[in-house]
Asker: 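One structure coming up, written as structure tokens, with questions to follow.
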Protein chains: 2
Amino acid sequence: MEPAAVTTARASRTLPHPARDEIRLEGVLHALSDPMRLQIVRELAADGDELSCSQFVLPVTKSTTTHHFRVLRESGVIRQIYRGTAKMNGLRRDDLDALFPGLLDALLGAAARQSARLGEG
Amino acid sequence: MEPAAVTTARASRTLPHPARDEIRLEGVLHALSDPMRLQIVRELAADGDELSCSQFVLPVTKSTTTHHFRVLRESGVIRQIYRGTAKMNGLRRDDLDALFPGLLDALLGAAARQSARLGEG
DNA sequence: ACCGTACTACGATGCCTATCGTACGAGCCC
DNA sequence: GGGCTCGTACGATAGGCATCGTAGTACGGT
């Protein structure tokens, strides 16, 4: 039994998230103004809430991927938890909808529209 | 009658705007992720479409104000035309609504909500 | 013609950030 | 335990950007 060691280890592996009322619109918009991060959020919205970082195929290195996920987490857009060695990511849809009703759907819709327009133009 | 001189002078005073289909969501989000610019857009949405730059009371110098208005124009969020020495600003609501239906209203609503939440405790 | 007002252009500055590479820590499986 | 995979930390780098100040242009009024 390794109680103290495990708890501290797990505590050190919990990631800091902003509380709901600490989320700022400007921060959310800034996070989503990067094409890479917008793509991540779109995939999270489409494929459900339990995607590990490594399931995303991004044209950047792992270091950069880590950076983008951290920006999304620190701006309050996504939630991240460790599950074993994997880090699972989920949209903070409840918080965002409570703070800014309709915004997330409008953003996702806008992204989908633009993607369709540019991709099948 | 000063035809040629005036036309070239006016031509040199027309400002470049992106066409509707050149507007990019990421650019719009980046433009609105700055508090100063978000405030400008909120005032434009509230007070109508014909506001000159100097009517905005911003805690920055005129140089910086010019910069912010240019970012908004080049990202496709606002339209700018010269009227005498003044530069009139207006939201590109028609273009934005056509490209991203509901987005602008969702953004303005989110900004208003956050402002109310932070301003009135 | 002259002056004042509105806005711009340009250079400087300091900060932020997207990106990479390398080295490392944490947990799973044999 | 040994190795493997997933993700992190840290430093470096290069580019972007918000801000300023100063000097200048354009236009309208006197």
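Below, read A as the first sequence line, B as the second, and so on, with proteins coming before strands; counting in each chain starts at 1. Only heavy atoms go into these numbers, but all of them, side chains included; no hydrogens, no water, no symmetry mates.
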Asker: If you round to the nearest 0.5 Å, how far is CZ of B:R42 from CD1 of B:I40?
Answerer: 12.5 Å
Asker: Classify the nucleic acid contact of A:S54 as base, sugar-phosphate or nothing, counting any heavy atom under 4.0 Å across all strands shown.
Answerer: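 Sugar-phosphate: the residue A:S54, judged by heavy atoms under 4.0 Å, touches backbone atoms but no base.
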Asker: To the nearest angstrom, how far is B:K62 atom NZ from C:dC10 atom C1'?
Answerer: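 Going from NZ in B:K62 over to C1' in C:dC10 covers 16 Å.
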Asker: For A:S52, answer base if it contacts any base atom (sugar-phosphate contacts may also be present), sugar-phosphate if it contacts only those atoms, and nothing otherwise; contact means non-hydrogen atoms under 4.0 Å.
Answerer: sugar-phosphate
Asker: For A:R83 and B:T66, find the nucleotide of DNA chain C closest to each by heavy atoms; which residue's nucleotide sits nearer the 5' end?
Answerer: B:T66
Asker: Write down the distance between NZ (A:K87) and C1' (D:dA9), rounded to a whole number of angstrom.
Answerer: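 So the two atoms are 12 Å apart, to the nearest Å.
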Asker: When the distance from CZ of B:R70 to C1' of C:dC10 is rounded to whole Å, what number comes out?
Answerer: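 After rounding, the gap between these two atoms is 10 Å.
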Asker: Given atom CG of B:L15 and atom P of D:dA26, what is their separation to the nearest angstrom?
Answerer: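 Spelled out: CG on B:L15 to P on D:dA26 is 13 Å.
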Asker: Please write out the pairs of protein N or O atoms and N or O atoms of nucleotides 1-5 of chain C separated by less than 3.5 Å, giving the distance to one decimal.
Answerer:
none

Asker: Does B:Y82 place a side-chain N or O at less than 4.0 Å from the phosphate oxygens OP1/OP2 of C:dA6?
Answerer: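 No, B:Y82 has no side-chain N/O under 4.0 Å of OP1/OP2 on C:dA6.
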Asker: Is there a side-chain contact between B:D105 and B:R93 (heavy atoms, below 4.5 Å)?
Answerer: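 Yes; the side chains approach each other to less than 4.5 Å.
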Asker: Keeping the roles fixed (side chain from B:R79, backbone from B:G76), state whether a donor-acceptor pair exists under 3.5 Å.
Answerer: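 Side chain of B:R79 to backbone of B:G76: no pair is present.
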Asker: Determine whether a donor-acceptor pair (N or O, by modelled atom type, separation under 3.5 Å) exists between the side chain of B:R73 and the backbone of B:P16.
Answerer: yes
Asker: Between the main-chain N or O of B:D21 and the side-chain N or O of A:R117, is there a donor-acceptor pair closer than 3.5 Å?
Answerer: yes
Asker: Between CD of A:E43 and CG of A:L38, what distance do you get to the nearest 0.5 Å?
Answerer: 10.5 Å
Asker: Using distance alone, with no hydrogens and no angle criterion, decide if B:S63 and B:T66 have a side-chain donor and acceptor under 3.5 Å apart.
Answerer: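 Note: B:S63 and B:T66 side chains miss the donor-acceptor criterion.
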Asker: Could you give the CD-to-P distance, from B:E26 to D:dG16, as a whole number of Å?
Answerer: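 The answer, rounded to whole Å, is 16 Å.
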Asker: What's touching nucleotides 17-19 of chain C from the protein side, N or O pairs under 3.5 Å?
Answerer:
unit_1	atom_1	unit_2	atom_2	d
C:dA18	OP1	A:R37	NH2	3.3
C:dA18	OP2	A:R37	NH1	2.9
C:dA18	OP2	A:H67	NE2	2.7
C:dT19	OP2	A:H68	NE2	2.3

Asker: Within this structure, what is the CG-to-C1' distance between B:L58 and C:dC7, rounded to whole angstrom?
Answerer: 14 Å
Asker: About how many Å separate CG of B:L32 and NE2 of A:H30, when rounded to the nearest 0.5 Å?
Answerer: 13.0 Å
Asker: How long is the straight-line distance from NE2 of A:H68 back to SG of A:C53, given to the nearest 0.5 Å?
Answerer: 12.0 Å
Asker: Counting just side-chain N and O atoms, does B:R13 come under 4.0 Å of either OP1 or OP2 of D:dC27?
Answerer: yes
Asker: Round to the nearest Å and state the distance from A:L72 atom CG to D:dG7 atom P.
Answerer: 15 Å
Asker: Report the distance from atom CD1 of A:I81 to atom P of D:dT8, rounded to the nearest whole Å.
Answerer: 14 Å
